[in-house]
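In what follows, chains are A, B, ... by sequence order, proteins preceding strands, each numbered from 1.
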Amino acid sequence: MSEISKAYEPQSVEDKWYQFWLDRKCFVADPARVTAKRPAYSIVIPPPNVTGVLTLGHVLNNTIQDILARKARMDGKEVLWLPGTDHAGIATQTVVEKALKKSGEIRHRDDLGREKFLERVWQWKEKHGGIIIQQLKKLGASCDWTRERFTMDPEYSRCVQKVFVELYKKGLIYRGKRMVNWCPASLTALSDEEVIMKEQKGSLYYFKVEVADSRAHGSSGRESAQTPAVENQSPLTSAATGETEKRTFGPIPDAEGRIWLTIATTRPETIPGDTAVAVNPKDPRYAKYIGKHVLRPLPAEFPREQKLIPIIGDEHVDFEFGTGVLKVTPAHDKADFEIGQRHNLPQIDIMQPDGHMNPLAGEPLNGLDRFKARKVAVELLTGMGALEKEEPYTNNVGFSERADVPIEPRLSEQWFLKYPSAEKARACVEQAGSAGLRPGALEDTEETGRVGDRRSDKMQFHPDRWAKVYDHWMGNIQDWCISRQLWWGHRIPVWYRKNKREDGGLKIENSGQSVGANSSSVLHPPSSIYVGVEPPSDPENWEQDPDVLDTWFSSWLWPFATMGWTGDKSHDSNTPTLQAFYPTADLVTGPDIIFFWVARMIMAGYEFMNEMPFKNVYFTGIIRDKQGRKMSKSLGNSPDPLDLIAKYGADALRFGTMRSAPLGQDILFDEQNVELGRNFCNKLWNACRFRQMVGSAAVPAPHGIGSAAVPAAPGSEESRRGACATFEIQGEIDPTLLTADDKWILLKLDQAILEMDVAFAEYKFSDATATLYRFFWSEYCDWYVEASKAVLVKSVTELNESSATPREATHLTNHSFDDLTNQRANTLAVIDFVLSHTLRLFHPFLPFITEELWQGMGYAADMPENQGGQTIMTAPWPRPLDDDFKSHYGLTGDDEKHIEARNELVSQGRNLRRTANIAANKKVKFIFKPARKWAAHDVEALKLLLNAESVEIGAHHQPAKGTLAVRTELGDLFLPTEGLIDLEAEKARLTKELQKIEAEISKVEQKLANPNFTQKVPAHVLAEHKQRLAEWQGKREHVKATLAALQG
RNA sequence: GCGCGGUUAGCUCAGUGGUAGAGCACUACAUUGACACUGUAGGGGUCACAGGUUCGAACCCUGUAUCGCGCACCA
């Protein structure tokens, strides 16, 4: 026993047990084992990027999943936690391309060509992929690694293609030339969800354009044309006065009779792409110009007739904004595109895919980057006198989520998906507030052992407020742009007939005709397009679509494509994994991918499995640093979880993270939390160490913690103990020998189990850790273990002797030597009972240390092979103590109250010590005047807890002058100070306390004096107040008496 | 603009109408035999603000301020 290390050393146990679990196939799910009595429980991991590394976000997310999985195993379920990784199209391709560029191997991926480049990506994946999987193992993740999946596995890829083809055949997938979010850095289209709006400080430029045919039609204002043009501009931006009056005026002709319109824009570089100027037809300032034309100032070198663009009327124009005149650039703005559609405007694309201007932008913009071009355009306008003003302006600009550059709205031909099963998917999620825990849900728990199951046939979000966000998005979804101009990903299973490509069958008219859902049949006559999982039988005549699918178009199939789904109903209905484990129970993910992933998985689940993919969705918070900033590489505020594990242990990291991650809140990460986790593990370790040091009793000889060897091969002693299931109840505990402390801790354990069940049912993992922390540290260690030393630590003779000291007291009962020996054994039995339950309660949170202790303490050896005998992983989850148990052991609320009052007495007594400036290690004499009869053990415990030399029982004690005293429910405690204390300081303290007591008394008295209160309040509240008043009054009396005694 | 969430001790947060709580941090004491990765005791809060409902409000209602997030956007 002396070999047990004083501190827990996680490094020496974690790998050992992880390997042990792997060797025993503890994580492997077997659908054949699923029965009515052993229900299935499944989770699919949100697949991390295959080339990613573990972040604190992953730690949070996967620890929760591991907790759920381990808890479910202890509940006796057949558990599948299915792991895997995602190919992460853009991210991975970018990383590899950058690396190849950096090594000087290529300048562009075209240098390698598609096939060679993809080979390199696969190589990269083989080399760097899977790092995160190894890291998850360090964390203790109990995934079924035999079923690890990758979104580009051949079977998985086939699912993706199958789904594409099926949706295409249903007419839900179509191709069309539309305005998409284009990323000029990644050179691909993006979905709306991949665009992040960011506030940008820029400028709003006001420039004027001449109304071309103004002179021809004359102008009534011509004679009064002395007013400088400057005053005509932007009538609504100048002042608040006479706003409506100004509106009726509109532009005033200049000295030469020309009319100018002023336009406000943030993007002057797109002027060459303008094909109209729009005003609101209801705007009295401008309506009269509709149908006329203006001269577009850029490109400046164009002849006049090419500069003429129409003035159109469109309701979209807000006449409160800017000048009320809008330039319309259908090829470079989503809203303008729609205006263009309505008015049959031409589209002039003036930009290259990479965001540089093309020749249509004219000189000198041609070839410039779009932001450089903006500056130059402003210079040009200034040069020609067209720029009227520039004012600072803040607006929102869409950024590419991955590349973090402003996206460019761009016309391009893409594949789109009309979301399938959207109505079912929208309806299936329980909306906030419409359902809670069904009454009796926890009772069900006791009967079935299935904690946390939701009864509603609807899907539950946790926290449920996300349901509203989901519903809102589902109610407004736009078709999903699923094609990406990348190489890394699932290639679109569409082929075009080669000879048709030349004859224009695929050419898309740029006429501004609306392109609808049926356009595919228009654009691609059936003979010219082939869509199928298998390539066409005559590949030489066909050319495959070069694009790949959005990564999310593969991950939305994750819950079933990972389980062997093929889309062939007769096959799938015979796939055991799918049949047993779909739908899954819980999904744990971040709210940032609620649209990207969660919503789409729900739709796919209904569409392809005709069932929701999961019953519960737990949304974690976002991990931030202490200052509340998001974790980011550039800030360097993101600690490496592996470093933390090396420093503190995986259990510490898990516990610290869980403890600081309340449901629905962002988490401010602080390494101190991990430190706290480590301290907690150490406390657990030492509590078990204490148990070992005081000897064996109720269980077979412990193996010794710290050196817990991995047990011999499983199955060797399968039937050794038939009756072990009843160990918990019978054990070696003798009800007649239980002390009040024993009963108290058993009740506290019961309470902790109940709280854990509630916490699990409500997905409140931080509550669960708080319960564990409080129960184990504050209740078990601080009180119970300390009190138990009254029995355990003293030698039996010593105990016998000291218990004889206060023999004069008739209140005391006495014990024989044998009694005390039995008592000792009984206390150890209680400790074993509590510890063996506690370890199980801890296991989902602290898998490693609990396994080490479970084995090392010998608790494993006391359980049936498949119920904890082999590993704590399969030990049954503790149940609350039932009524039979409680009555058998005589556990009542009275014992609980007694010990709580005793603890209060102890605290007060310690406070007296402190008041008297008695050093913590100095033993002093207390005198106790009990209100009721006290057992010998209780006196002994009191003595120990007060670190007293003795506690004398004085039924009729009359305190001498200068004696400190405190009155509690259980009696008066005296500490003779013999002049050791500062009388004045003590008087001051008591006076202050008296004031506090008086304040409390008057508060309660006031309430009780109010007839409204006494008449309306429920009886129990009234009684409570009266009792409280009596208590305070009693204390007041006592403090007054003590003060008087001090005065002498 | 619309919606959601937050505002409680120095910090991070619990607290669904009846005596304001925890952990950390802080102060003091103690190296006593499980643990200094420890123990004991202590100090510390007008529950953002203003109204309202109620016998009684941190809690329910209305409004305001402020921080954060999401959605939609006016060029």
N/O-N/O pairs, protein side and nucleotides 10-14 of chain B side, under 3.5 Å:
from: B:A14; atom 1: OP1; to: A:Q665; atom 2: NE2; distance (Å): 3.2

Indicate, yes or no, whether a donor-acceptor pair under 3.5 Å links the base of B:A36 to the side chain of A:K6. no
Taken to the nearest whole Å, CH2/A:W685 to C1'/B:A36 is 18 Å
Is there a donor in the side chain of A:N181 and an acceptor in the side chain of A:D192, or the other way round, less than 3.5 Å apart? yes
Side-chain H-bond candidate by donor/acceptor type, A:S203 with A:E390, under 3.5 Å: yes
Taking OP1 and OP2 of B:A34, is either one under 4.0 Å from a side-chain nitrogen or oxygen of A:K789? yes
Proximity of A:F337 and A:H332 rings by center, below 6.0 Å: no
With the sugar-phosphate defined as primed atoms, P, OP1 and OP2, and the base as all remaining atoms, what B/S/- string results for nucleotides 23-29 of chain B, 5' to 3', for protein heavy atoms under 4.0 Å? SS---SS
Between the protein and nucleotides 56-58 of chain B, which nitrogen or oxygen pairs are less than 3.5 angstrom apart?
none

Would you mind writing out the side-chain donor-acceptor pairs for residues 767-779 of chain A within the sub-3.5 Å range, not counting sequence neighbours?
from: A:T769; atom 1: OG1; to: A:F765; atom 2: O; distance (Å): 3.4
from: A:T769; atom 1: OG1; to: A:S766; atom 2: O; distance (Å): 2.8
from: A:T771; atom 1: OG1; to: A:E755; atom 2: OE1; distance (Å): 2.8
from: A:T771; atom 1: OG1; to: A:D767; atom 2: O; distance (Å): 3.2
from: A:R774; atom 1: NE; to: A:E779; atom 2: OE2; distance (Å): 3.0
from: A:R774; atom 1: NH1; to: A:E755; atom 2: OE1; distance (Å): 3.0
from: A:R774; atom 1: NH1; to: A:E755; atom 2: OE2; distance (Å): 3.4
from: A:R774; atom 1: NH2; to: A:E755; atom 2: OE2; distance (Å): 3.3

Go nucleotide by nucleotide along RNA chain B from the 5' end; which of A:R678 and A:F595 gets its closest nucleotide reached first? A:R678
Pairs under 3.5 Å (Watson-Crick or G-U), crossing ones as [ ], inter-strand ones as |: RNA chain B comes out as ((((((((.[[[[.)..(..]]]].(((((.......))))).....[[[[[..)....]]]]])))))))....
Counting C-beta onward and ignoring hydrogens, is there a side-chain heavy-atom pair between A:V378 and A:L387 closer than 4.5 Å? yes
Between B:A34, B:A41, B:C74, which nucleotide has the shortest distance from any of its atoms to the side chain of A:A335? B:C74
Whole-Å P distance, B:G39 and B:G33: 15 Å
Interatomic distance, CD1@A:I271 vs CG@A:L381, rounded to 0.5 Å, equals 4.5 Å
Assess whether a salt bridge exists between A:K1003 and A:E998, defined as any Lys/Arg side-chain N lying under 4.0 Å from an Asp/Glu carboxylate O. no
Counting side-chain heavy atoms from C-beta on, which of B:A34, B:U19, B:C35 comes nearest to A:N682? B:C35
For the side chain of A:L326, starting at C-beta, report the closest nucleotide among B:C37, B:G18, B:A75. B:A75
By nearest-nucleotide position on RNA chain B, the 5'-leaning member of A:F690 and A:V397 is A:F690
Look at A:R624 together with A:D666 and state whether they make a salt bridge at an N to O cut-off of under 4.0 Å. yes
Could you work out the separation of B:A25 and B:C37 based on their P atoms and round it to a whole Å? 12 Å
Report yes or no: do A:R914 and A:N911 form a side-chain donor-acceptor pair below 3.5 Å? no
Answer yes or no: is there an ion pair linking A:R374 with A:E269, defined by an N-O contact shorter than 4.0 Å? yes
Could you run down the sub-3.5 Å N/O contacts of the protein with nucleotides 1-3 of chain B?
from: B:G3; atom 1: O3'; to: A:K468; atom 2: NZ; distance (Å): 3.4

Less than 4.0 angstrom from a charged side-chain N to a carboxylate O is my criterion; do A:K647 and A:E671 meet it? yes
When we call it a touch if two heavy atoms are under 4.0 Å apart, what does A:D318 touch: a base, just sugar-phosphate, or nothing? base
Please give, in whole Å, the distance from B:U19 P to A:Q1006 CD? 16 Å
Test item: A:R654 side-chain N/O and A:F845 main-chain N/O as donor-acceptor pair under 3.5 Å: yes
What do the steps show when you test A:F461 against A:W466 for ring pair (Phe, Tyr, Trp, His ring centres under 6.0 Å), and what is the final call? CA-CA 7 Å; A:F461 281 9; A:W466 290 107; 8.8 Å; no
Taking only the side-chain nitrogens and oxygens of A:R465, find out if one of them lies under 4.0 Å from OP1 or OP2 of B:G5. no
With sugar-phosphate meaning primed atoms plus P, OP1 and OP2, does A:C681 contact a base, only sugar-phosphate, or nothing at under 4.0 Å between heavy atoms? nothing
Side-chain heavy-atom pair A:Y8, A:R678 within 4.5 angstrom cut-off: no
Does the B:A41 base have a donor-acceptor partner in the side chain of A:Q908 within less than 3.5 Å? no
Measuring to OP1 and OP2 of B:A75, would you say a side-chain N or O of A:Y393 lies under 4.0 angstrom away? yes
Between B:C4 atom P and A:D592 atom CG, what is the distance in whole Å? 21 Å
Check the distance between B:C74's P and A:D333's CG and give it to me in whole angstrom. 7 Å
Whole-Å gap separating C1' (B:C4) and CH2 (A:W466): 8 Å
A:I271 CD1 to B:A75 C1': how many Å, rounded? 12 Å
Nearest of B:G18, B:A75, B:A41 to any side-chain atom of A:N911? B:A41
Please check if the number of heavy atoms outside A:E786 that lie under 6.0 Å from its CD is greater than 12. yes
Rounded to whole Å, please give me the gap between CD in A:E199 and P in B:C71. 15 Å
Looking at A:F207, does the NZ or CZ of A:K389 lie under 6.0 angstrom from its six-membered ring centre and within 45 degrees of the ring axis? no
Mind checking whether A:V277 and A:L326 have side chains closer than 4.5 Å, heavy atoms only? no
Find the distance A:W783:CH2 to B:A41:C1' and express it as a whole number of Å. 11 Å
Does A:N476 reach a base, just sugar-phosphate, or nothing at all? Heavy atoms under 4.0 Å. nothing
From the list A:L946, A:T915, A:I918, A:V966, side-chain contact (heavy atoms from CB on, under 4.5 Å) with A:L975 holds only for A:I918
Closest of B:G18, B:U38, B:A41 to the A:S907 side chain is B:A41
